[in-house]
There are 2 protein chains.
Amino acid sequence: MESEENGVRRGAEAKEVVVDGVRAAILSGELSPGQRLVEAELTELFAVTRGSVRSAFADLTAEGLVERIPNRGVRVRRVSVEEAVEILECRGVLEGLIAARAAMRVNDAQAEQLRQIGDGMQAAVASGDVLTYSRLNSQLHATVSEIGAQPVAADLITRLRSQIVRHQFQLSLRPGRPQVSLPEHLAIIEGVLAHDAARAEQAARRHVESVIAALQQGAEAPGTLVQAAAD
Amino acid sequence: MESEENGVRRGAEAKEVVVDGVRAAILSGELSPGQRLVEAELTELFAVTRGSVRSAFADLTAEGLVERIPNRGVRVRRVSVEEAVEILECRGVLEGLIAARAAMRVNDAQAEQLRQIGDGMQAAVASGDVLTYSRLNSQLHATVSEIGAQPVAADLITRLRSQIVRHQFQLSLRPGRPQVSLPEHLAIIEGVLAHDAARAEQAARRHVESVIAALQQGAEAPGTLVQAAAD
DNA sequence: CCTGACATTTTTGTTGCCAATAATATCGGC
DNA sequence: GCCGATATTATTGGCAACAAAAATGTCAGG
């Protein structure tokens, strides 16, 4: 159906290719904050038309990953530490909301799922398997979010999260960090399992506060760059 | 410099004209949820090119006011009561965050400003001047937001708020509503004035919870449509 | 009278070209 | 030789025509 004779993608698909590609490049650090994104370059790089690149920029701007300056194109948005803290503060209350709802709605099967994640996290930290810990961390957030059933809040968090991945990178997998975050994660699980909304919310908020503290600490002493996004 | 000979606007200005116009139309109720927005119609209505309309649609989609269905155009987004509640729940925790920060940062001049707003609100409710009450309500939110100095949270709230104006309309200025919300508003002011972050946050969250309750009540018994957006 | 295929029309999506704008380089004056 | 004005270039913004898709209307067949 699609012609695709010379490798040039077309259709709405083309926009997604650019959006996903640029997003991945920003999140992985290939594109640095402040870097200019020239339409013609991306047109060639992704083998799409300029219109698709343009449309993709609109999406990425809405996502907060890039900013557009009139007549000067788009550049990767630079997020200051102060702004990152503000973003995390918002995330904190939103994650708290989700955790509270999760505590109210969790059923037996979901509870078992959480228990397994908690056990896995403890084992991973004990054995120093940071990669597994990072993976379980993402899984925990996803599971709690699913139990909480607050798609609006979850959506906001996703957007906020992507804006500060670069800051999170700096503190992820920093030596000793898993030892700090593990009990915080377990506290969230416990709160949900106990059907204690207030406790789950408090635990979630405290966890994000701990991330903020770590980020502010690391602001002056930039840590090593790693690939997993554990917090 | 701008030609503007035949009334057709051009430049980046054109997109903004459409965005503002459509947004105002949606918020004021001229455009009903689910209503289709045909590009050609808006092109004629606003005297802009189709490209500007298209670009404006991208912005409005990001704002959550309209939704785009591939090859079927955009329509005014229909927000269910359930989703409105979810949005309000997010707003609740975010407003709580701002109120808490405001309590921590408020200075004497700002405190006096809040006191005046509070007094004005009491007087307005006592005399039944709903319009002034509505105006002061907006002013209170803006002032607290300014004191809280959380632009990220404030921005999220603005976006969330615009998505449910139609629902808020239904309950605004409903008889007896100001009597319910006045003490809630005063509690927020008191918490901030007392530099009591926890109290201010609780007050802000309780206020939004009250809005949720009113909205759920009014879901089955649709109220009268009014123009001011008090909550 | 209903049903399904086909043609028509409406509407959106895309492309290529031209204009406007800002950054850069060049040139003349002091 | 340095500074400011002007020309050049690179890049984005906008427009109009074109192509594709979906919805609608029409008509023949049962």
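The sequence lines fix the lettering, A, B, ..., with proteins before strands; numbering per chain opens at 1.
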Rounded distance (Å) that lies between atom [atom2] of [N] and atom [atom1] of [X]:
X: B/E39; N: D/dA21; atom1: CD; atom2: C1'; answer: 13 Å
X: A/R75; N: C/dA22; atom1: CZ; atom2: P; answer: 14 Å
X: A/I69; N: D/dT11; atom1: CD1; atom2: P; answer: 15 Å
X: A/F57; N: D/dT12; atom1: CZ; atom2: C1'; answer: 11 Å
X: B/E44; N: C/dT11; atom1: CD; atom2: C1'; answer: 15 Å
X: A/K15; N: C/dT14; atom1: NZ; atom2: C1'; answer: 13 Å
X: B/R72; N: D/dA22; atom1: CZ; atom2: C1'; answer: 8 Å

Open item on the list: Do B/L65 and B/V76 make a side-chain contact, defined as non-hydrogen atoms from C-beta onward lying under 4.5 Å apart?
Closed with: no
Open item on the list: Measuring only between side-chain heavy atoms, which start at C-beta, is B/V180 closer than 4.5 Å to B/R177?
Closed with: yes
Options [options], nucleotide nearest the side-chain atoms of [X]:
X: B/N71; options: D/dG13, D/dT12, C/dT12; value: C/dT12
X: A/S52; options: C/dG13, C/dT15, D/dG14; value: C/dT15
X: B/R68; options: C/dA23, C/dG13, D/dT12; value: C/dG13
X: A/V38; options: D/dT11, C/dT11, D/dC15; value: D/dT11

TODO: Kindly say whether, by distance alone, the side chain of B/R54 makes a donor-acceptor pair under 3.5 Å with the base of D/dG14?
DONE: no
Open item on the list: Should the side chain of B/R50 and the base of C/dG13 be counted as holding a donor-acceptor pair, with the cut-off at 3.5 Å?
Closed with: yes
TODO: Report which part of the nucleic acid B/G73 touches: base, sugar-phosphate, or nothing (heavy-atom distance under 4.0 Å, all strands).
DONE: sugar-phosphate
Open item on the list: Is there a side-chain contact between B/T49 and the phosphate of D/dC15, meaning an N or O under 4.0 Å from OP1 or OP2?
Closed with: yes
Task: Residues A/R205 and B/E201 bridged, charged N to O under 4.0 Å - done: yes
- [ ] Mind telling me whether A/H141 and A/H207 have parallel, tilted or perpendicular rings, with 30° and 60° as the class edges?
- [x] tilted
